[in-house]
Amino acid sequence: MTDFQIETVSLDLPALAGAFGRRLHDAGIPVTAERSARFASALRLVAPVARRRLYWTARAVFVSDPTQVRMFDAVFAEVFGARDAYRAEAAPDTELAVTPADERARAERPRDATTPPRADGDPAASAPSDRSKQHDDDAEEIEVPTVASDEELLAHKHFDALDPEELANLYRLMARLQIATPIRRTRRSRHDAHGRRIDLRRTLRGSLRTGGDPLRLRRRRRRVVRRRIVMLCDISGSMEPYARAYLQFLTCAAGSGRTGSEGSEAFAFATRLTRLTRALQSRNPERAIQRAAAVAPDWASGTRIGDALKTFNDRHGRRGMARGAVIVVLSDGWERGDPELVGREMQRLARLAYRIVWVNPRAAAAGFEPRAGGMAAALPHCDAFVSGHSLRALDEVIDAIAASRAGDLEPAASWAPPKPPVEPDEEPWGSAGWAGSYSGSSVAMPSGYGPSRGNTTPGWRIG
């Protein structure tokens, strides 16, 4: 008897995928290096134990158009073997029955009353033609297991579940984000042929060429720029799983050097407020995040949202940075200080900002309710409340930033503060209101005195 030995052969999958991809590219199929790398990754998931499995795996990756199937079959047969070998190995349970075109046409064609129906035993009716057999063979469909791409899986994965390699890929995907803020008209104007205002200086200067007669009027129009975006990111211990992903988001917004806007600002806060605008201005996202982490000394420490907002309002907000800007706060709202301070500073910020967007990654959890003290105090002053827990959820954040008013947002991506209950008009102090036909307003003063009109005493009404 002859002894048989089994030898396990290990293939270099990247080299195999690259060589096969080059053969397909030379044959005319648009194959890129990314598709070859995806084919090597697919072979790790679907072991090529049979020629049939290898064929359908490669076809699912490389073929993007039905016209490329014949060319792909020719290259695959030239590299891996005969063309009919992998079709013969197809399992019968994975085949889908497809009715030939001529049989469908014959079934749909109306039958003439004078033509007798064919018997079931008629060989002409039961035996298909050679053309039908050939069409049936070509129309076989095999169910191929499809694997979602890495980008699609990464887009729906929560930021707190990313490993370091996935976090590095996330930086590359976030670089594609386009963040745009609402536009506003400035006080300055620019030359425009269709402007509303007449530019006297240009008109008079041009009239010198025509003897002082202003034959051609020059016009101007007010400039339109995008509003400033100011982002405040929470880097406390509770936000540490999301902080690095959000810092990359800040890099895209504040460090990308957006043109046509009044500038972008980025801040980080935990127990203190730290400005990160200069640290994030780098083309390398990893280096920018390292510089930002080095600048902020309170990384992964406690949370003082109220103190951070007060520092921002006192040092930057009232000096013009927050006036007419879009404020984005990325925090879970867990406050260790006084929640009333958060409410007061948010109210100050709301009077200065154009709109406030609060991003809370905890909002994506089922049954979420804003019970945290800082979150409950800040919500009445927010124009939008979104989760932003994944790359796909950041689309809602971008839409909330670009919206001009709360009504422009989708219902799932916006939060409208509840309306205060309607209470009866009660005056806490003595009223010095005016009665009769006088149209002035009635103002309740703490001392009990109102606007004087003539010789009046407290409590009098002019009727």
Side-chain angles (χ1 to χ4, degrees), residues 157-162 230-247 249-250 266-274 276 296 298-314 317 322 326-353 355-390 393-394 396-397 399-401 406 409 411-421:
K157 196 170 184 179
H158 287 229
F159 289 150
D160 57 348
L162 297 177
V230 181
M231 309 191 77
L232 307 173
C233 182
D234 188 352
I235 57 173
S236 61
S238 60
M239 285 289 293
E240 186 178 7
Y242 302 92
R244 293 193 176 273
Y246 284 156
L247 283 180
F249 185 64
L250 265 65
F267 294 85
F269 67 90
T271 57
R272 65 179 68 180
L273 185 70
T274 306
L276 303 179
D298 54 345
W299 184 278
S301 59
T303 310
R304 298 285 182 178
I305 303 177
D307 295 339
L309 291 175
K310 187 176 186 305
T311 304
F312 174 78
N313 289 332
D314 294 341
V326 178
I327 308 297
V328 182
V329 183
L330 302 103
S331 175
D332 53 6
W334 291 358
E335 168 69 2
R336 298 185 61 182
D338 187 7
E340 294 183 0
L341 179 60
V342 178
R344 289 197 302 267
E345 297 304 323
M346 285 292 295
Q347 186 177 8
R348 290 180 57 191
L349 187 60
R351 289 196 295 263
L352 295 173
R355 60 183 291 101
I356 299 178
V357 179
W358 194 289
V359 182
N360 189 344
R362 313 290 181 183
F368 169 79
E369 293 183 5
R371 296 181 179 179
M375 191 74 263
L379 271 181
H381 309 287
C382 297
D383 298 292
F385 181 70
V386 292
S387 63
H389 62 281
S390 64
L394 287 182
E396 297 181 359
V397 180
D399 294 341
I401 293 174
L409 298 176
S414 63
W415 178 87
K419 296 181 179 180

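Atom set for the values below is all heavy atoms of this structure, side chains included, hydrogens, waters and symmetry mates excluded.
For A322, the side chain to side chain contact (heavy atoms under 4.5 Å, CB included) partners are F312, I327, L349, L352, not counting sequence neighbours. For T311, there are no side chain to side chain donor-acceptor pair (under 3.5 Å) partners two or more places apart in sequence or in a different chain. Residues passing the side chain to side chain contact (heavy atoms under 4.5 Å, CB included) test with R244, sequence neighbours excluded: L167, Y171, I289, W299. E335 pairs by the side chain to side chain contact (heavy atoms under 4.5 Å, CB included) definition with T303, I305, V342, not counting sequence neighbours.
Side chain of Y246 to backbone of G388: a donor-acceptor contact under 3.5 angstrom is found. A donor-acceptor pair under 3.5 Å is formed between the side chain of D383 and the backbone N or O of I356. With hydrogens and angles ignored, the 3.5 Å screen pairs no side-chain donor or acceptor of D160 with any backbone N or O of P241. The backbone N or O of M239 sits nowhere less than 3.5 Å from a side-chain atom of D234 that would complete a donor-acceptor pair.
Applying the side-chain hydrogen bond (donor to acceptor under 3.5 Å, both in side chains) test to residues at least two apart or on different chains, the pairs with a partner in residues 358-370 are E369-R371. Residue pairs meeting the salt bridge (Lys or Arg N to Asp or Glu O under 4.0 Å) criterion with at least one partner in residues 299-311, sequence neighbours excluded, are K310-D314.
Pairing each heavy atom of A268 with each of I235, the nearest pair is CB-CD1, 3.9 Å. Counting all heavy atoms, side chain and backbone alike, S390 lies closest to F159 at C-CZ, 3.3 Å. Nearest heavy atoms, A377 versus P380: O-CD, 3.6 Å. Of all the heavy atoms in L250 and C233, the pair that sits closest is CD2-CB, 3.9 Å. Scanning both residues, H389 and P361, for their nearest heavy atoms gives CB-O, 3.9 Å. The nearest pair of heavy atoms linking D298 to F269 is OD2-C, 4.3 Å.
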Apply the test side-chain contact (heavy atoms from CB on, under 4.5 Å) to residues V397 and F249: give CA-CA distance (whole Å), side-chain angles for both, the deciding distance (0.1 Å), then the verdict.
-> CA-CA 11 Å; V397 180; F249 185 64; 4.0 Å; yes

